[in-house]
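Below is one structure, written out as structure tokens; the observations come after it.
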Amino acid sequence: MSEAVASKLSNRVWIMILAGAVIVTLSMGVRQSFGLFLGPLGLELDVDRQTFGLIVAGQNLLFGLLQPFVGAWADRHGAGKVAVVGALVYVVGLAVAAMATSALGLAIGFGALVGLAMAGCTFTVILGAVGKIVPADKRTLAFGIVTAGGSFGQFLVVPAAQGLLDALDWRWTLFVMGGLIALIIPLALGVAGKPPAAISAQDGPPIREALKEAFNDRSFWLLNAGFFVCGFHIAFVGTHLPSYIRDQGLPVEVGAWSLALIGLFNILGSWLWGAWGSKRSKKGLLALLYALRAVGIAVFLLAPISPASVLIFAAVFGFLWLGTVPLTNGLVAQIYGLRHLSALGGIVFLSHQVGAFLGAWTAGVAFDATGSYLLIWLVSIGLGLLAAVANLPIREAPLVRPETVPAE
């Protein structure tokens, strides 16, 4: 390969990584601010925590159910078109939520439409596109850079959302956020184009055979189990932490800054976990990460509550927040190949979203039943330890196939 061709390839790689990171910054940044809306819209529309938690849970579940199909389409046709459609639906969903007069309107906007939209403009589709053009030894690091984009968005967008809520109201804040999401449409040019022609039979069999071999592989289900726990943790903390903090008598601003601090420290965490995953055992790092989450939650519950303890917990949990994403997707690529990375990664992500559904919803149910989130905090500790154990037996090597399957 000539230096000019190598340079062009390098430029293309960086354009896709940076465009993908900004797309995830916007889509996830807006999404992570939704917990701030529980207070103001709950008062105006008479929506309790269980109902709001169920709406967010339904969004997460729909997001996950669609992801394998959207991922398979992106594997075949490229991520750019998928991201544009996702952004358009996202804008409509935020507008519908902004005009809602009841829980039903929120369920359609926040729940159904945003859930549909996020399947097209967040991690799985973008990482699938990036993974196909980045060298294997840099792939997990590239995944970490893109994942960090979601955290950078959380750091920027969540405090901005709180400022808009203070200055305007929750309806106008959602319209402003819809304008931010519209920026994804031109950014989609950076991830546009069909996957490279070289991604063919040598990188995995046709989709039906790929699904069959993954479903028959124990490691695939262990990855699903771990990512289920990740979704439970993130949805519970992201949706209910501001309310938990407010219940402890701390100022509402502490809740907003805790979410922002999670995003800030996950910028570093996503990059570092991704970088470590390019050089060390990904399954070992995943086991360590989940165990550290369990320890972090336990220490947070045992320590006296204060603004300082909340922000320290947010920083620690932020460092562990989405480090699972580059490691998990890196294992999917390493074990099953690149050809159906978005589709198989989408199935693993579905388990993440099932966990997210339960994390967001059961926390609201538990609070309404007991007046406390303690039960869900304890469940989160137990799940973290189980996820750590589940990742250890994963076979961290490419599947050995008896012969090359002809291209479709």
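Start at 1 with the first residue, then count along the sequence.
Side-chain atoms of Lys283 come within 3.5 Å of backbone N or O of Ile394 as a donor-acceptor pair. Without hydrogens or angle criteria, Arg293 side chain to Leu288 main chain gives no donor-acceptor distance under 3.5 Å.
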Thr328 and Phe349: CA distance, side-chain angles, deciding distance, side chain to side chain contact (heavy atoms under 4.5 Å, CB included) verdict: CA-CA 9 Å; Thr328 301; Phe349 188 75; over 6 Å; no
Worked verdict on Arg31 versus Gln59 for side-chain hydrogen bond (donor to acceptor under 3.5 Å, both in side chains): CA-CA 10 Å; Arg31 166 61 187 83; Gln59 173 204 105; 2.5 Å; yes
Step-by-step side chain to side chain contact (heavy atoms under 4.5 Å, CB included) determination, Thr173 to Leu36: CA-CA 11 Å; Thr173 299; Leu36 301 177; over 6 Å; no
CA sep, side-chain torsions, deciding dist, call: Phe63, Thr122, side chain to side chain contact (heavy atoms under 4.5 Å, CB included): CA-CA 10 Å; Phe63 177 11; Thr122 50; 2.9 Å; yes
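Taking the ring centroids of Phe317 and Phe300, they lie at or beyond the 6.0 Å cut-off. Taking the six-membered ring for Trp and the full ring otherwise, Trp361 and Phe357 have centroids separated by under 6.0 Å. Close placement of the Phe367 and Tyr373 rings is indicated, their centers lying within 6.0 Å of each other. Between Phe34 and Phe52, a ring centre-to-centre spacing not shorter than 6.0 Å is recorded. Aromatic pair Phe228/His352: ring centres not closer than 6.0 Å.
Contact detail for Phe227 and Ser351: the closest heavy-atom pair is CB-OG, 3.9 Å. Pairing each heavy atom of Ile17 with each of Ala142, the nearest pair is CD1-CB, 3.9 Å. Taking all atoms of both residues into account, the shortest heavy-atom contact from Ile185 to Val84 is O-CG2, 4.0 Å.
Within the structure, the salt bridge (Lys or Arg N to Asp or Glu O under 4.0 Å) test picks out no pair touching residues 13-25 (sequence neighbours left out). The ring-ring contact (aromatic ring centres under 6.0 Å, His included) contacts involving residues 162-182 comprise Trp172-Phe175, where partners must be two or more places apart or lie in separate chains.
Evaluated for a side chain to side chain contact (heavy atoms under 4.5 Å, CB included) with Val146, the options Asn329, Leu18, Val130, Val191 yield exactly one hit, Val130.
Using a 4.5 Å heavy-atom cutoff, the side chains of Phe37 and Val56 are not in contact. Contact annotation: the side chain of Val299 never approaches that of Val316 to less than 4.5 Å [non-hydrogen atoms, C-beta and beyond].
Heavy atoms from other residues, nucleotides or ligands lying under 6.0 Å from CH2 of Trp221 number more than 12. Heavy atoms of other residues, nucleotides or ligands lying less than 6.0 angstrom from CG of Asn216 number more than 12. No more than 12 heavy atoms of other residues, nucleotides or ligands shown are found within 6.0 angstrom of CH2 on Trp257.
Arg395 meets the side-chain hydrogen bond (donor to acceptor under 3.5 Å, both in side chains) test with Asp217; sequence neighbours excluded. Contacts of Asp247 classified as salt bridge (charged side-chain N to carboxylate O under 4.0 Å, His left out), with partners at least two apart in sequence or in another chain: Arg49. Judged as a side chain to side chain contact (heavy atoms under 4.5 Å, CB included), and not counting sequence neighbours, the contacts of Ala103 are Val47, Thr51. By the salt bridge (charged side-chain N to carboxylate O under 4.0 Å, His left out) test, Arg246 is found to be paired with no residue, residues two or more places apart in sequence or in another chain being considered.
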